[in-house]
Amino acid sequence: VHVMLNNPARTGAQVCANLEKLSGGDPTYSFVEIDKLEEGVECVLIDPNCFQNSPIPKSLKWAHSTWAGVDGLVNYLPVERPLSFTLTRSAIYGRMMAEYVLYQMIHVERRHELLTMHQKDKIWDRTPFPRYTSLSDRTVAILGSGQIGSEISRMLSTAVDVQTVA
C-alpha cells in the first residue's frame, strides 16, 4: 500500500510505521511513502489534495481518502467521469463528530468559556449563569444527511433526547 499525504501534522513515514504495527508485522502488507503518483501504483492511502498536482496513473485501482467528507474531493479529482479507480473513505468520523457536537452544546449551554474566565479571575458570582437545563428541551437542525450528519442525529436523539430535524 502506498501512502501519500500532504499534511504537516503527520508524515507518510509516521503513518506507514503505525500501519505496520496495526498489521501485526504481516509480511503480506507493506506500506511505502510516496511523494507523487506514478505508473505502477495500484493502491494508495491518500490525502485528496495530493491529486491536485499529480496525474492519476492508469495502474491505480484503489484510493482510500484520509478525509471525512466528499466535498474536498470534488475540488481535487479530475473531471473525468466515471473515475477509473475505486475511491473509498473512512466511516469513523461520525461518532467523533457527534461527540464533538454534544460537547459544544454543553459548552455553550453552560457558558463554559465565561465560567472559565471567572474562575481564572477568582470571580465567584453565579448571577450571569442560568440554572442548568436539560438538553432534551432543545431542537437541533442537522445540515447534511450523510454518515456524519446521520450519526450526529442518532446520537443526540438517543443519548440525550434532543429532537433533530434535517
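Computed from a prediction, not measured in an experiment: that's the story for all the values here.
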Do any N or O atoms from the side chain of S153 and from the backbone of G149 form a donor-acceptor pair under 3.5 angstrom?
-> no
Hey, any chance I46 and L60 share a hydrophobic cluster, counting ILVMFWY side chains that come within less than 4.5 Å of each other, even indirectly?
-> yes
Do the side chains of L156 and L102 get nearer than 4.5 Å, heavy atoms only?
-> yes
Output, in order, the C-alpha distance, side-chain angles, deciding distance and verdict of side-chain contact (heavy atoms from CB on, under 4.5 Å) for T139 and T164.
-> CA-CA 6 Å; T139 299; T164 60; over 6 Å; no
Give the C-alpha distance, both sets of side-chain angles, the deciding distance and a yes or no for side-chain contact (heavy atoms from CB on, under 4.5 Å) between M97 and E151.
-> CA-CA 8 Å; M97 292 303 293; E151 179 61 17; over 6 Å; no
Going from CD on Q119 to CH2 on W124, what distance comes out if it is rounded to the nearest 0.5 angstrom?
-> 5.5 Å
Would a 4.5 Å heavy-atom cut-off, applied to side chains only, mark M105 and L135 as touching?
-> yes
Y103 with V160, same ILVMFWY side-chain cluster at under 4.5 Å = no
Neighbour count >12 (heavy atoms, 6.0 Å) for atom CD, E113 = no
S157 and Q163: side chain donor to acceptor below 3.5 Å | no
Tell me whether V162 is reachable from I106 by hopping between hydrophobic residues (I, L, V, M, F, W, Y) whose side-chain heavy atoms are closer than 4.5 Å.
-> yes
Identify the heavy atoms of W62 and F85 that sit nearest to each other, and give their distance.
-> N-CB, 4.2 Å
Sequence neighbours left out, what passes side-chain contact (heavy atoms from CB on, under 4.5 Å) with S136? Give chain and number order.
-> S134, D161
Atom CD1 in I148, atom CE in M96: separation rounded to 0.5 Å?
-> 8.5 Å
Starting at NZ of K61, measure out to CD of E42 and round the result to the nearest 0.5 Å.
-> 4.0 Å
D125 side chain to T127 backbone, donor-acceptor under 3.5 Å = yes
What distance separates R95 CZ from R154 CZ, expressed to the nearest 0.5 Å?
-> 6.5 Å
Of all heavy-atom pairs between M155 and A98, which one has the smallest distance, and what is that distance?
-> SD-CB, 3.3 Å
Enter the distance from T86:OG1 to H64:NE2 here, rounded to the nearest 0.5 Å.
-> 12.5 Å
Beyond-backbone contact of R111 with P128, side-chain heavy atoms, under 4.5 angstrom = yes
Tell me yes or no: between the side chains of S59 and E39, is some donor less than 3.5 Å from an acceptor?
-> yes
Mind checking the CD-CD spacing from Q104 to E109? Nearest 0.5 Å is all I need.
-> 13.0 Å
